[in-house]
Amino acid sequence: EQHYDPQTLQVKWQRRWEELDPFHASDDPADPRERRYVLDMFPYPSGDLHMGHAEAFAIGDIVSRYLFQRGYNVLHPIGWDSFGLPAENAAIKRDAHPAEWTYANIETQAASFKRYAVSFDWSRRLHTSDVDYYRWTQWLFVRFFERGLAYRKGGLVNWCPNDQTVLANEQVKDGKCERCGAEVVRRELTQWYFKITDYADRLLDDMKQLEGQWPERVLTMQRNWIGRSEGADVNFVIEGRDEPVTVYTTRPDTLYGATFFVVAPDAPLAEEIVSDEQRAAFEAYRAEVAKLSDIDRLSTEKEKTGVFLGRYAVNPVNGERMPVWAADYVLSDYGHGAIMAVPAHDQRDLDFARAFDLPVRVVVHTGLADPGETGVATAGEGTLVNSGPLDGLSKAEGIRRIIEVLAERGTGRATVNFRLRDWLLSRQRFWGCPIPIIHCADCGEVPVPDDQLPVTLPDLRGEALAPKGVSPLASAEEWVNVSCPKCGGAARRDTDTMDTFVDSSWYYLRYVDPTYEGGPFDVEKVRKWGPIDQYVGGVEHAVLHLLYSRFFTKVLHDMGMLDFTEPFVSLLNQGQVINQGKAMSKSLGNGVDLGQQIDSYGVDAVRLTVLFAGPPEDDIDWADVSPAASQKFLSRAFRVMAEAGAASAPGVDFSTGDLELRKVVHRTVDEVTRLLDSHRFNVAIARMMELTTAARRAIDSGPGAADPAVREAAETLAVMLSLVAPYAAEEGWERLGHPASVATAGWPVADAALLVQETVTCVVQVAGKVRDRLEVSPEISEADLEALALASEKVKTFLSGAPRKVIVRAPKLVNVVP
Ligand code: ANZ
Ligand code: ZN
C-alpha cells in the first residue's frame with residue numbers, strides 16, 4: 001500500500017509513541033547533550049483545543065522537534081492553567097464542583113494534544129489547581145509578604161459588576177473587563193497587592209536583555225505600560241492650609257505659565273480644601289466622576305468638566321494666586337493627584353482653560369501661533385519668555401535651571417514617575433488559590449506558617465459559589481474560623497483567592513520537577529534548565545502574564561533562588577487564526593472546528609497548513625488556506641518515501657547516487673536549516689515541497705527509484721517532515737526500512753562539496769561560428785556575460801578591434817559581430 005491514509009496512521013503511531021516516549025527530557029548530569037527549554041504558554045481548560053491552539057502548539061513543536069533532531073536535550077513540557085472563573089460559572093449552572101468541569105476538560109485537551117502529536121515530555125505535566133501546585137503558590141505569597149512585597153490597602157479599585165470581583169489594571173481594556181467585556185466600575189475596597197512598582201526600574205532596564213529577542217511591539221507595550229517619565233515635584237502653598245501641596249510635572253520650565261491649579265475630584269485633598277460655598281457643587285460633581293473609567297477621564301476628545309473649589313494656590317516662583325479647581329482629567333493615583341495647569345503648553349489644560357475662561361500665558365516661544373487664539377497648545381522646543389530669570393533659555397536649560405532654583409529654596413526637586421501601579425491580586429471568587437493569611441484582632445495579618453500549608457479550598461459546589469460581591473469562601477464558616485497561629489486567639493482566614501495570573505507567574509519553574517517537595521521548584525535543576533530559550537504565545541499577554549512573570553523572576557532572583565533575571569530569553573508571538581477576514585466567533589458563525597478539520601484532512605495536513613500559511617507572526621485567514629492541498633502534498637511526499645523504501649535498503653552509499661538530485665538534497669538541507677534557525681517555517685516547508693518534486697522527477701524520468709540519491713532524498717524528506725507532519729514522516733521512515741522512530745534520526749548535515757553553485761554552458765559565437773564555450777552561473781547578468789565573452793582569448797583571436805555589435809542571450813548564448 002503506497003497510499004497515505006492519515007486516520008489509520010494516527011491510530012498506529014500514537015500507540016507506538018506511547019511505548020517509545022521519545023521526547024523525555026533527561027536530567028542525567030552525564031547526558032552530554034546541551035540543554036534547551038522550549039515552552040508554549042499553557043492552555044486554560046475551556047473545552048477542547050481550538051484552531052488558535054493548533055497554530056501556537058504547531059509552532060512550539062516545530063521549534064522543539066528541530067532542536068531535538070539537532071541533538072539537544074530538549075525540555076518541552078505541558079500543563080494547565082486550571083483555576084479560573086469559567087469553571088466556577090459552569091459549576092454554578094450544573095450544581096457541580098468546578099474541579100469536575102476543569103479536570104474533564106483537561107483530559108479532553110490532553111487527548112487532543114496527543115493526537116495532535118505535540119512532542120511533550122508528558123512526565124512533567126502540572127495543573128495549577130492541584131493542591132500540590134497551589135501550596136507552593138501560597139508559599140511564594142508568604143515569602144512576598146515577609147519581604148513587604150504583598151500588602152493590603154484600601155482604595156478605589158476596578159470592579160466587574162458581571163463577574164462580581166475586582167480586577168487588576170492590566171485586566172481592564174478600554175474601560176471594560178478583559179474577560180467578559182462588561183463596563184468596569186470603581187469601588188472603594190481593601191485589597192491585596194503585589195508591590196510590582198518596586199521593580200519598575202528593573203522591569204524597564206532589563207528589557208535591554210530582550211531587545212532583538214522579543215517582538216518589538218511587546219517591548220513597546222511594556223515600556224508604555226511601565227511608563228517612566230522624568231520631571232520634578234514642585235510644592236505649592238494653598239492659602240489657609242499649613243502643609244504645602246506637591247504636584248508632579250514633566251515641564252517645570254513652564255512654571256511661570258501656570259495660571260490655575262487642578263486637584264483630582266476623588267483625591268482626599270479636594271474634599272479637604274473645598275470651601276463651604278462650593279461643597280454641594282463639588283460633591284455632586286464627584287459623584288458623576290465616580291462613574292467614569294480612567295480612559296474616559298484622560299480622553300482628549302471628552303468635553304472638559306470641573307468645579308471651582310473656592311480656594312487659591314500660590315505659585316512658588318512668582319507669588320501669583322491661582323484658582324484651585326477639581327477636574328476629572330486629573331487622576332487621583334498618578335503623581336500626587338494634583339497638577340499645576342499650564343494651558344499654553346498642555347492641550348488638556350488649554351481645553352479646560354477655554355471651557356472655563358481661565359487665562360492662557362505663553363512662556364515658551366516656539367514660533368507657532370498663540371495657543372490662546374488657536375486653541376492648540378504648543379508642546380515643542382523653543383525659547384523661554386515671560387519667565388523672569390529663565391528668559392532666553394531653551395526648554396532643556398530651563399528645566400535644569402528651575403530645578404536648581406526650586407532645590408535651593410526647598411520647594412521642589414527632580415523626580416521620576418511611573419505609570420505602573422501595584423498589582424491587585426485578590427479576587428472575590430472561589431476557584432482560585434486561597435490567600436494564606438489569617439486575620440487576628442490582636443496580631444493583625446498573620447501568614448499561615450509553612451508547616452500548615454497548604455490552605456486547601458473548602459468543599460463548596462453549585463449555588464454556594466454564586467457571586468455575592470464577597471468571596472464564596474466567606475460562607476464556609478468552619479473553614480473561615482480558625483485560631484491565630486501567633487496568639488492562639490479566635491481569628492478568621494482571609495476569604496479571597498488569588499488572581500490566576502499569580503499561578504502562571506512561576507509555572508515554568510515548576511515543570512523542571514513538578515513533584516518536588518522541598519519548595520516551589522528545585523533550585524539546582526532550574527539552574528541547569530533555565531531560563532526558557534524559546535517561549536511561544538499570544539500577544540494578548542504583553543502586559544499581563546509576561547510582565548508578571550518577569551516581576552516574579554526578579555523577586556525570586558533577589559531571594560537567591562534563581563541565577564537569571566529574565567525568564568524568557570526569546571519570545572515568539574504567533575498570529576491569530578481568523579476566518580473570512582474576521583476573528584472567529586459564535587455570533588458571526590465563522591468558527592472553524594479543529595476536530596472537524598483533523599477528521600477531514602488529518603493531523604499532519606492541519607499542522608502543515610498552519611505552518612505553511614505564512615510567517616508565524618501573521619494572522620492566518622482560514623478562508624485563504626487549503627488543508628486539502630496540504631494533504632495532497634503529503635500524499636506525494638509519502639509515495640516518494642514508500643517507493644524509495646520498496647526499491648532500496650538502508651545503508652547504501654549515497655555518493656554513488658545521481659549527482660543532480662544529490663545537489664538538490666544538500667542545498668535543501670542547507671537552506672532549511674538556516675530557515676528554521678530564523679523561524680521562517682513556511683519557506684522551509686516550500687523547500688521540502690521542492691525536494692519532493694525533484695525526487696519524484698528522479699523516480700519517474702531520471703535514474704529511477706532504486707538510485708541511492710532517491711533514497712537520500714526520501715530519508716532527508718522524512719526527517720524534515722517529522723517536524724511538521726510526524727505521522728507521515730514516521731510511516732515513511734518505517735517504509736524506508738528504519739526500525740527506530742524518525743524523531744531520533746538526527747538532523748542531516750549538508751555536504752559542502754555538493755553545495756557548489758551549478759553552472760550552465762554558454763556558447764560564444766563570432767560572426768555566427770562557435771569559437772568558445774564558457775561555464776557560467778545560470779543567474780549571470782547580460783553585462784557580465786558580455787564582458788566575459790569579450791575577455792575570452794579564443795574570441796579575441798577572431799577580432800581586430802572593437803566589435804560592431806554584441807548580441808547577448810544570457811545565460812546560454814553570446815553572438816559577437818566583428
Ligand atoms: C505641567 C505641564 C506643562 C505638564 C506642560 C505637561 C506639559 P507623564 O508624562 O504621563 O508623566 N499630570 C501630573 N499628574 C497628573 C495626574 N494625576 N493626572 C493627570 N495629569 C497629571 O505626564 C506628566 C504630566 O501630566 C505632568 O506635567 C502634568 O502636567 C500631568 F506644558 O505639568 B504637566
Ligand atoms: Zn493573633
Side-chain angles (χ1 to χ4, degrees), residues 42-50 53 78-113 125-141 160-167 171 177 179-180 192 425-438 448 452-482 492-504 506-507 510 514-515:
F42 65 167
Y44 179 78
S46 54
D48 202 349
L49 300 183
H50 53 64
H53 294 123
I78 183 67
W80 277 267
D81 189 13
S82 50
F83 271 138
L85 262 185
E88 202 168 325
N89 292 338
I92 296 165
K93 230 185 256 161
R94 298 162 197 211
D95 193 26
H97 192 282
E100 293 168 23
W101 183 91
T102 303
Y103 288 92
N105 284 344
I106 288 176
E107 286 317 316
T108 304
Q109 292 194 349
S112 293
F113 273 132
R125 171 174 174 174
L126 61 79
H127 318 116
T128 60
S129 56
D130 287 356
V131 177
D132 282 344
Y133 184 89
Y134 76 70
R135 68 175 291 193
W136 297 113
T137 306
Q138 293 174 338
W139 185 93
L140 286 167
F141 179 94
C160 173
N162 180 48
D163 293 333
Q164 299 256 334
T165 181
V166 298
L167 301 171
Q171 288 166 313
C177 171
R179 187 191 306 279
C180 74
W192 284 99
L425 72 104
S426 40
R427 297 289 179 274
Q428 290 69 49
R429 298 296 303 248
F430 171 77
W431 190 233
C433 175
I435 293 177
I437 292 285
I438 291 167
V448 175
Q452 290 171 36
L453 293 176
V455 177
T456 53
L457 282 166
D459 189 16
L460 299 181
R461 51 173 52 230
E463 259 312 297
L465 305 176
K468 317 166 186 59
V470 292
S471 172
L473 293 179
S475 65
E477 280 296 321
E478 264 180 50
W479 182 86
V480 170
N481 293 307
V482 289
R492 289 174 62 82
R493 286 193 192 282
D494 199 289
T495 57
D496 283 353
T497 52
M498 295 185 214
D499 180 0
T500 56
F501 280 110
V502 181
D503 311 329
S504 55
W506 70 280
Y507 78 112
R510 184 80 183 158
T515 58

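Computed from heavy atoms alone, side chains included, the values below leave out hydrogens, waters and symmetry copies.
Looking only at distances, no side-chain donor or acceptor of Gln138 sits under 3.5 Å from a matching main-chain atom of Ile435. In this structure, the side chain of Ser471 engages the main chain of Thr495 through a donor-acceptor pair within 3.5 Å. Counting only distance, with no hydrogens or angles, the side chain of Asp130 and the backbone of Asp132 share no donor-acceptor pair below 3.5 Å.
Shortest non-hydrogen contact noted between Pro436 and Leu453 is CB-CD2, 3.9 Å. When all heavy atoms are compared, the tightest approach of Trp479 to Val455 is CZ2-CG1, 3.6 Å. When every heavy atom of Phe42 is checked against every heavy atom of Gly79, the shortest pair comes out as CB-O, 3.3 Å.
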Pair Leu425, Phe141 - check side-chain contact (heavy atoms from CB on, under 4.5 Å), show working.
CA-CA 11 Å; Leu425 72 104; Phe141 179 94; 3.9 Å; yes

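A heavy-atom distance below 4.5 Å is found between the side chains of Val502 and Thr137. A heavy-atom distance below 4.5 Å is found between the side chains of Leu473 and Phe430. At least one side-chain heavy atom of Cys177 sits less than 4.5 Å from a side-chain heavy atom of Asp163. Within the 4.5 Å cutoff, no side-chain heavy atoms of Cys433 are placed close to those of Tyr133. By the 4.5 Å heavy-atom criterion applied to side chains, Val470 and Gln428 are not counted as neighbours. Side-chain contact between Gln171 and Thr165 is absent, with no heavy atoms from C-beta onward closer than 4.5 Å.
Remark: the Asp48 side chain and the Ser112 side chain contain an N/O donor-acceptor pair separated by less than 3.5 Å.
Shown here are the ring pair (Phe, Tyr, Trp, His ring centres under 6.0 Å) partners of Phe501, two or more places apart in sequence or in another chain: Tyr548.
Taking CG from Asn105 and OG from Ser82, the interatomic distance works out to 11.0 Å, rounded to the nearest 0.5 Å. Between atom CZ of residue Phe113 and atom CD1 of residue Ile78 there is a gap of 4.0 Å, rounded to the nearest 0.5 Å. With rounding to the nearest 0.5 angstrom, the CZ atom of Arg135 is 12.5 Å from the CD atom of Gln452. Expressed to the nearest 0.5 Å, how far CZ of Arg125 lies from CD1 of Ile106 amounts to 7.0 Å.
Every pair passing salt bridge (charged side-chain N to carboxylate O under 4.0 Å, His left out) that includes a residue from residues 427-437 is listed here, sequence neighbours excluded: Glu88-Arg429, Arg427-Asp499.
Only one option out of Trp80, Trp431, Tyr103 pairs with Ser129 in a side chain to side chain donor-acceptor pair (under 3.5 Å); it is Tyr103. Checked against Arg493 for a side-chain contact (heavy atoms from CB on, under 4.5 Å), the options Ile437, Val448, Asn481 give a single hit: Val448.
Glu478 CD: 12 or fewer foreign heavy atoms inside a 6.0 Å radius.
Ring centroids of Tyr507 and Trp136 are separated by 6.0 Å or more, keeping the two rings apart.
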Scan the side chains in residues 457-468 for donor-acceptor partners under 3.5 Å anywhere in the protein, sequence neighbours excluded, and list what turns up.
residue: Arg461; atom: NH2; partner: Glu100; partner atom: OE2; Å: 3.0
residue: Lys468; atom: NZ; partner: Ala464; partner atom: O; Å: 3.2
residue: Lys468; atom: NZ; partner: Ala466; partner atom: O; Å: 2.9

